[in-house]
Amino acid sequence: MIKRMERILIIEDEEKIARFVELELTYEGYDVEKAFNGRDGLALATTHPFDLILLDILLPGLNGMEVLRRIRKASDLPVIMLTARDAVVDKVTGLDGGADDYITKPFAIEELLARIRAVLRKKRDPHHQPGQNLLLAGSLQLDPEKREVTVHDSLLDLTKREFDLLHFLLANKNIVLSRETLLQEIWGYDFSGETNAVDVYIRYLRAKIEEPFGLKLIHTVRGVGYVIKDEHP
Ligand code: CA
């Protein structure tokens with residue numbers, strides 16, 4: 001299935017922040033444009049098709065609230081406001097003004113990505129309920145929106161790669177996945193022969209999700225690869 005790249009516009013006058021966010025979003029597969037002031041941002045937003053806008057509030061020329069107000073006259077395009085730390089008034093006026101969400105600077109990029117995913121998902125499927133996409137295997141639970149993994153009620157600390165690998169295994173529960181497939185899906189490249197990385201990461205996962213809880217979820221299929229199943233006591 002070919003997925004169209006989603007387009008995001010960053011309107012942010014702090015160029016370092018704008019460039020950093022652009023880099024991260026591009027890495028995540030989004031198509032990114034940026035504007036360093038309110039007027040340029042508004043001009044882009046009203047003339048180009050974007051899926052989402054990241055909008056700073058304190059901007060030279062035309063401030064973020066005014067940009068939001070003018071965007072809202074024409075469209076219900078998702079907008080996430082970037083606000084200064086503890087500026088409660090900004091958050092309230094931003095949400096009143098029709099922003100879909102806000103994030104306080106400085107923010108962790110993972111949090112921004114999670115909010116972007118949530119807002120885009122809501123746009124694609126307005127009837128979506130949070131928690132609807134939980135993936136389960138036995139007492140293991142993975143929430144793709146929050147990027148959280150829990151066993152019973154313990155929240156586990158997984159790296160991005162471990163999370164992505166577990167996510168893919170769970171999305172294909174009961175299906176045997178070859179090392180080559182896993183490598184290609186998670187690491188994103190063909191790798192003839194050297195499929196060691198998969199085994200190493202499966203070991204990391206087992207040490208985090210199985211061993212501490214006495215679970216057996218990930219099964220090795222000799223000569224082929226791995227499969228995740230519900231546990232059978
Ligand atoms: Ca600013």
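Each residue takes its place number in the sequence, starting with 1. In this text the structure is predicted, and so the values were computed from the model without any measurement. Start at 1 and go down the list; that is how both ligands and their atoms are numbered.
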Distance criterion under 3.0 Å: protein N/O/S atoms around the Ca ion (ligand 1): 3
Salt-bridge contact D230-K216 (side-chain N to carboxylate O under 4.0 Å): no
Pairs meeting criterion salt bridge (Lys or Arg N to Asp or Glu O under 4.0 Å) with involvement of residues 54-64, two or more places apart: D56-K105
I53 versus A45, closest heavy-atom pair with distance: CD1-CB, 3.5 Å
salt_bridge(E162, K208) N-O dist < 4.0 Å: yes
Those residues that, when tested against Y226, pass side-chain hydrogen bond (donor to acceptor under 3.5 Å, both in side chains) (two or more places apart): D199
ring-ring contact (aromatic ring centres under 6.0 Å, His included) involving Y204 - partner list, sequence neighbours excluded: Y201
